[in-house]
2 protein chains.
Amino acid sequence: MNPHTQNAFRALADPTRRTIVQMLAAEDMTIAQLTDRFDMTRAAVKKHLTVLSDGGLITVEIKGRERINRLEPKGMAPILDWFSYFDQFWDDRLANLKEAIERNEK
Amino acid sequence: MNPHTQNAFRALADPTRRTIVQMLAAEDMTIAQLTDRFDMTRAAVKKHLTVLSDGGLITVEIKGRERINRLEPKGMAPILDWFSYFDQFWDDRLANLKEAIERNEK
DNA sequence: CTCATGTGATACCATTTAGTATCATATATA
DNA sequence: TATATATGATACTAAATGGTATCACATGAG
């Protein structure tokens with residue numbers, strides 16, 4: 001199994017991390033900037049960022065003494081791929097439904 | 001914030017639960033049937049099913065002494081809704097997926 | 001009725017998780 | 001250079017999580 005899939009799903013399981021993802025969708029931010037917007041310590045925010053990074057959902061650009069955290073849309077791919085499994089599932093159910101209707105008409 | 005969103009994300013964060021979801025996509029199953037396919041006790045599987053139910057991802061039909069667990073595609077909606085926030089970041093795969101669900105519901 | 005089967009529920013355990021506090025290190029800046 | 005700023009890293013804690021063992025209860029089959 002793709003290890004990125006598990007890390008990505010786990011990264012999004014926490015509400016704080018989902019909020020961080022949404023914030024980074026609006027603009028790149030340093031750890032300090034993110035910490036300003038939460039009621040928790042910088043160390044806690046840093047841990048969340050590590051989990052998001054493990055999940056491939058963000059990248060970090062080191063700029064001097066700052067770390068610019070940036071959303072990595074590509075990291076969402078494993079999750080969407082997983083969901084696409086059910087695209088087939090839904091299509092099949094629709095096909096079955098169609099078939100049932102056609103049988104009924106005959 | 002929608003409480004279903006957190007429960008749904010949490011439900012999918014565990015690999016065993018994601019596998020259960022895929023199994024139930026293939027066919028409805030009782031707890032005993034699911035337990036046969038995992039190397040863990042029935043109690044553990046039951047706990048996973050409770051989490052999946054809390055997340056709105058499955059429904060249960062009680063039939064005599066059996067409990068038929070069934071995938072609830074509607075439960076995926078909060079997750080897909082959350083992802084739709086990021087429309088600007090990726091292609092139309094998500095939109096297609098959502099459309100498939102909605103078609104199925106109608 | 002009796003008994004096997006399918007499940008619910010509880011207590012318990014080890015590990016992970018989300019958080020804090022604290023100290024160390026690197027880099028701007030006065 | 002001296003100091004403030006931005007972050008890394010570690011140790012610690014409480015609570016959540018994933019699992020087992022075990023007992024109780026309801027239902028179907030002989």
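Only heavy atoms go into these numbers, but all of them, side chains included; no hydrogens, no water, no symmetry mates. In the text below, chain A, chain B and the rest are named by the order of the sequence lines, each starting its count at 1.
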In whole angstrom, give the distance that lies between atom [atom1] of [X] and atom [atom2] of [N].
X	N	atom1	atom2	result
Glu61(B)	dG6(C)	CD	C1'	15 Å
Asp14(B)	dG19(D)	CG	C1'	11 Å
Asp36(B)	dT7(C)	CG	P	10 Å
Met40(B)	dT20(D)	CE	P	7 Å
Gln6(A)	dG18(D)	CD	P	10 Å
Leu52(B)	dG18(D)	CG	P	11 Å
Arg67(A)	dT27(C)	CZ	P	13 Å
His48(B)	dT20(D)	NE2	P	9 Å

Practice item. Look up atom CG in Asn7(B) and atom CD1 in Ile79(B), then write down how far apart they are to the nearest 0.5 Å. Key: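 Going from the CG atom of Asn7(B) to the CD1 atom of Ile79(B) covers 10.5 Å.
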Does [X] have a side-chain nitrogen or oxygen under 4.0 Å from the phosphate oxygens OP1 or OP2 of [N]?
X	N	answer
Lys46(A)	dG8(D)	yes
Arg10(A)	dA18(C)	yes
Thr41(B)	dT20(D)	yes

Practice item. Identify which one of Leu24(A), Asp28(A), Val60(A) satisfies the side chain to side chain contact (heavy atoms under 4.5 Å, CB included) criterion when paired with Arg70(A). Key: Asp28(A)
Review point. Looking only at heavy atoms, which two atoms of Arg17(B) and Arg10(B) are closest? And how far apart?
Key: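 Minimum heavy-atom separation between Arg17(B) and Arg10(B): NH2-O, 3.2 Å.
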Review point. Taking all non-hydrogen atoms of both residues, which atom of Gln6(B) and which atom of Asp14(A) are closest, and how far apart?
Key: OE1-C, 4.5 Å
**Study point:** Residue mapping more 5' on DNA chain C - nearest nucleotide basis, Val51(A) or Glu66(B)
**Key:** Glu66(B)
Practice item. Compare all side-chain heavy atoms of Met40(B) with those of Val45(B) and state whether any distance is below 4.5 angstrom. Key: yes
Practice item. Pick base, sugar-phosphate or nothing for Ala43(B), based on heavy-atom distances below 4.0 Å to the nucleic acid. Key: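 It contacts base atoms.
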Check whether the side chain of [X] and the base of [N] form a donor-acceptor pair under 3.5 Å.
X	N	value
Arg42(A)	dG8(D)	yes
Arg65(B)	dT5(C)	yes
Lys47(B)	dG19(D)	yes

